[in-house]
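Here, residue 1 is the first one in the sequence, and each next residue gets the next number.
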Amino acid sequence: MKKYDHLLPACRSNTNAAVFVFSFTDRSSFDDLPSKMNNMHGSGDGVLKVAVATRFDQFLHSDITEQELREFEEQWSVPVLKIANKDGPRLSDGRGLDGRAGILDVAPFLNTLAELLWQHEQNLASRQVSRNSSNSSRNSADRRIR
């Protein structure tokens with residue numbers, strides 16, 4: 001990460017979301033999440049933070065319990081999306097993967113991520129509208145008082 005620290009300020013400007021990825025089979029990647037999230041804290045409240053747990057298909061070999069995931073979600077107010085790492089069906093030639101079939105595996109994950117982004121943007125927009133209306137109400141009251 002240190003090697004690319006000079007890119008971080010440019011990546012943070014106008015950011016809509018930050019995705020933090022860890023593996024169910026790599027305990028250290030899960031343990032590193034809090035420090036990575038604290039590092040991104042400077043990006044402000046307007047950024048949706050999402051954790052993505054990979055290798056969900058190997059959950060039986062997981063180093064992370066469901067209880068730990070729930071506690072993490074509650075403590076950090078961050079949703080954890082789970083996705084499997086698996087090859088899809090092969091094409092008839094036996095060499096290539098059938099990308100169309102692979103979409104069916106990843107579509108629910110992408111739909112959930114898109115929905116989280118949409119909800120987050122709606123919340124930001126409603127906060128902005130209420131902030132603007134309260135400011136205009138204050139300005140109107142100030143003009144009447146003078």
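- For the atom pair CG (Leu48) and CD (Glu121), the distance works out to 8.5 Å, reported to the nearest 0.5 Å.
- Shown here for Val78 and Lys49, the closest heavy-atom pair between the two residues is CG1-O, 3.5 Å.
- Closest approach of Val106 and Ile83 over heavy atoms only: CG2-CD1, 3.8 Å.
- The list of side-chain hydrogen bond (donor to acceptor under 3.5 Å, both in side chains) pairs with a residue in residues 19-28, not counting sequence neighbours, reads Ser23-Thr25, Asp26-Ser28, Arg27-Asp31, Arg27-Glu68.
- In this structure, Phe20 has no ring-ring contact (aromatic ring centres under 6.0 Å, His included) partners at least two apart in sequence or on a different chain.
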side-chain contact (heavy atoms from CB on, under 4.5 Å) between Leu113 and Trp118, intermediate numbers included: CA-CA 9 Å; Leu113 185 58; Trp118 184 81; over 6 Å; no
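- Closest approach of Lys82 to Phe56, counting heavy atoms only: CD-CE1, 3.5 Å.
- Between atom CG of residue Asp63 and atom CZ of residue Phe30 there is a gap of 11.0 Å, rounded to the nearest 0.5 Å.
- The two residues Trp76 and Asn38 have their closest heavy-atom pair at CH2-OD1, 3.4 Å.
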side-chain contact (heavy atoms from CB on, under 4.5 Å) assessment of Glu71 paired with Glu74: CA-CA 5 Å; Glu71 289 171 359; Glu74 288 174 18; 5.6 Å; no
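- Closest approach of Leu69 and Phe24 over heavy atoms only: CD1-CE2, 3.6 Å.
- In terms of heavy-atom proximity, His120 sits nearest to Val47 at NE2-C, 3.6 Å.
- Residue Leu33 holds its CG atom at 6.0 Å from CZ of Phe22, rounded to the nearest 0.5 Å.
- When side chains are defined from C-beta on, Met37 counts as touching Phe72, because their heavy atoms get closer than 4.5 Å.
- We find the CG-CG distance between Leu116 and Asn111 to be 11.0 Å, quoted to the nearest 0.5 Å.
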